[in-house]
Amino acid sequence: MKKKVLSVVLASAMTVAMLAGCGSTKAEAPAAAEPTEAAEEADAASAEASAEETTGDVVVLKCVADMTPHSEILAAAKDALAKQGIEVEVVSNTWSEAWNSMLVDGEVDFAYFMHVPAMEYIEEETGSDLESMGTVHVEPYTCFSNKFETKEELPENAVIAIPNDSTNEYRALKVLEDEGYITLKSDIETGNTTVDSIDTYNMPIEIIEMDQANILPSADDFDAYFVNANRALEAGIDTTKYLMREKSDSDYANIITVTADNKDNENIKKLVEVLKSDEIKQYINDNYKGAVIPAE
């Protein structure tokens, strides 16, 4: 992305202004038009400046990122990034559908909240060309309970809430399959998986599909429920006390996402290197107790 560098334009404007002040004869009239042109160039340069800015030798990269753990991980990387001459500005840390357009339209330099399947879905929905600059962490999709401490305690016909969005519903059903509760049909598609994709119930359970945003507020109504690790952390849930969850080799690692136009941005490459460093991996392991795992 272009950097907001206007010194050359301003210097040109000052030169033109001095020339215009030397006289007002008809012979000098062409020079008098220059300040307007210079001002237009300055305005255009300001309008076209991207979300990436420079303050002295510091490059400011704007992004959207969930509060937990994404923004927290970025904050932990602040000093290491500063040594690289990079500062990260989190424009928003409360998820909104507007985040997708903010990334696609170039209002931010990168997004840190999605995984590859989500990125591919956004590409399809928006007709955009996005790129993953690298994986940072995995948030294993997890099943919790406010009533039972282990999955073995779940009663027959246990009522289990799962999210009804395409990606997370698939993840929840895969965990239930891995734990032996169900068997999914062999021809399922990850982006179009529902309870109708279940071939066999190996144990008697009742699965309730619902909007993920409503699961935690109504968690007491269920014997167990699935939720993203970051939502569990934000809700203050002890994420070490879970019934079942994805394995560490999940395909849903969180990535740094950019538009194709920004894939060669050297500063974002440096950002990813810092986020994948041993220092940040240690921070993740120390602070999230397995609810968040450094990506391989």
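Starting from 1, each residue takes its place in the sequence as its number.
Here OG1 of Thr240 is found 11.5 Å from CD1 of Ile237. Values are rounded to the nearest 0.5 Å. A distance of 5.5 Å separates CZ of Arg245 from CD1 of Ile293, quoted to the nearest 0.5 Å. Here CD of Glu131 is found 5.0 Å from NZ of Lys263. Values are rounded to the nearest 0.5 Å. For the atom pair Leu154 CG and Lys151 NZ, the distance stands at 9.5 Å (nearest 0.5 Å). Considering CD of Glu179 and CE of Met203, their distance stands at 8.5 Å, rounded to 0.5 Å. Going from atom CD1 of Ile205 over to atom CG of Leu176 covers 5.0 Å, rounded to the nearest 0.5 Å.
The only option from Asn267, Leu275, Val274 that meets the side-chain contact (heavy atoms from CB on, under 4.5 Å) definition with Leu271 turns out to be Leu275. Considering Val195, Ile198, Val175 in turn, Ile198 is the only one that fulfils the side-chain contact (heavy atoms from CB on, under 4.5 Å) rule with Ile182.
A search for side chain to side chain contact (heavy atoms under 4.5 Å, CB included) contacts involving Thr126 returns Val104, Ile122, Ser128, not counting sequence neighbours. Residues forming a side chain to side chain contact (heavy atoms under 4.5 Å, CB included) with Asn192 (at least two apart in sequence, or on another chain): Glu189. Every residue two or more places apart in sequence or in another chain was checked for a salt bridge (charged side-chain N to carboxylate O under 4.0 Å, His left out) with Glu273, and none qualifies. The salt bridge (charged side-chain N to carboxylate O under 4.0 Å, His left out) check on Lys269 picks up Glu266, with sequence neighbours excluded.
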Could you please spell out the steps behind the side chain to side chain contact (heavy atoms under 4.5 Å, CB included) verdict for Tyr141 and Tyr170?
CA-CA 10 Å; Tyr141 213 68; Tyr170 169 77; over 6 Å; no
Show your working on side chain to side chain contact (heavy atoms under 4.5 Å, CB included) between Trp95 and Met67 and close with a plain yes or no.
CA-CA 9 Å; Trp95 188 86; Met67 172 59 76; over 6 Å; no
Working for side chain to side chain contact (heavy atoms under 4.5 Å, CB included), residues Ile268 and Ile256
CA-CA 9 Å; Ile268 294 180; Ile256 298 298; 4.2 Å; yes
Taking it one step at a time, do Glu206 and Phe222 satisfy side chain to side chain contact (heavy atoms under 4.5 Å, CB included)?
CA-CA 10 Å; Glu206 180 182 355; Phe222 310 107; over 6 Å; no
Could you walk me through whether Asn202 and Thr183 pass the side-chain hydrogen bond (donor to acceptor under 3.5 Å, both in side chains) check?
CA-CA 7 Å; Asn202 303 319; Thr183 300; 3.0 Å; yes
Under the criterion side-chain hydrogen bond (donor to acceptor under 3.5 Å, both in side chains), I'd like the reasoning laid out for Asn228 against Glu139: C-alpha separation, chi angles, the key distance, then a yes or no.
CA-CA 7 Å; Asn228 285 100; Glu139 297 170 26; 4.8 Å; no
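Among all heavy-atom pairs drawn from Glu279 and Ala80, the shortest one is OE1-CB, 4.2 Å. Taking every heavy atom of both residues into account, Ser132 and Met119 meet most closely at N-SD, 3.8 Å. Of all non-hydrogen atoms in Ala161 and Met210, the two that sit nearest each other are CB-SD, 4.1 Å. When all heavy atoms of Ala224 and Cys143 are compared, the closest pair comes out as CB-SG, 3.7 Å. Smallest separation of non-hydrogen atoms from Ala253 and His115: O-CB, 3.2 Å. Lys62 approaches Val91 most closely through the heavy-atom pair CB-CG2, 3.9 Å.
Checked by atom type and distance alone, the side chain of Lys185 pairs as donor or acceptor with a backbone atom of Asp196 at under 3.5 Å. Judged by distance alone, the side chain of Thr135 and the main-chain N or O of Ala295 form no donor-acceptor pair under 3.5 Å. Checking side-chain atoms of Thr259 against main-chain N and O of Leu130 turns up no donor-acceptor pair under 3.5 Å.
Side-chain contact between Asp66 and Trp99: present, with at least one pair of heavy atoms (C-beta onward) separated by less than 4.5 Å. Looking only at side-chain heavy atoms (C-beta outward), Lys241 and Glu149 stay at 4.5 Å or farther from each other. The side-chain heavy atoms of Ile160 and Phe226, taken from C-beta on, include a pair separated by under 4.5 Å. Residues Ile73 and Ile280 have side chains in contact (heavy-atom distance under 4.5 Å, counting atoms from C-beta outward). Under the 4.5 Å side-chain criterion, counting only non-hydrogen atoms from C-beta, Thr194 is in contact with Glu209. When side chains are defined from C-beta on, Val88 counts as touching Phe110, because their heavy atoms get closer than 4.5 Å. At least one side-chain heavy atom of Tyr201 sits less than 4.5 Å from a side-chain heavy atom of Ile207. Two residues are said to be in side-chain contact when any heavy atoms from C-beta on lie closer than 4.5 Å; Asn265 and Val258 fail this criterion.
At a threshold of 4.5 Å between side-chain heavy atoms, the hydrophobic network of Ile, Leu, Val, Met, Phe, Trp and Tyr places Leu74 and Leu233 in one connected group. Under the 4.5 Å side-chain heavy-atom criterion for grouping Ile, Leu, Val, Met, Phe, Trp and Tyr, Tyr242 is not connected to Leu173 through any hydrophobic cluster. Both Ile86 and Val136 belong to a common hydrophobic cluster when Ile, Leu, Val, Met, Phe, Trp and Tyr are linked at side-chain heavy-atom distances under 4.5 angstrom. Clustering ILVMFWY residues whenever any of their side-chain heavy atoms sit less than 4.5 angstrom apart, transitively, puts Val138 in a cluster other than the one holding Val227. Under the 4.5 Å side-chain heavy-atom criterion for Ile, Leu, Val, Met, Phe, Trp and Tyr, Ile208 and Met244 are members of distinct hydrophobic clusters.
Counting heavy atoms of neighbouring residues, nucleotides and ligands inside a 6.0 Å radius, atom OH of Tyr283 exceeds 12 of them. For Glu153, the CD atom sits in a packed shell: over 12 heavy atoms of surrounding residues, nucleotides or ligands are nearer than 6.0 Å. Counting heavy-atom neighbours within 6.0 Å of Phe148 CZ, excluding the residue itself, gives a total above 12.
A salt bridge between Glu234 and Arg231 is absent, with no side-chain N of the basic residue lying under 4.0 Å from a carboxylate O of the acidic one.
The salt bridge (charged side-chain N to carboxylate O under 4.0 Å, His left out) contacts involving residues 155-172 comprise Arg171-Glu246, where partners must be two or more places apart or lie in separate chains. For residues 61-94, every residue pair satisfying the ring pair (Phe, Tyr, Trp, His ring centres under 6.0 Å) rule, not counting sequence neighbours, is listed here: His70-Tyr112, His70-His137.
With 3.5 Å as the limit, one finds a donor-acceptor pair spanning the side chains of Gln282 and Asp286.
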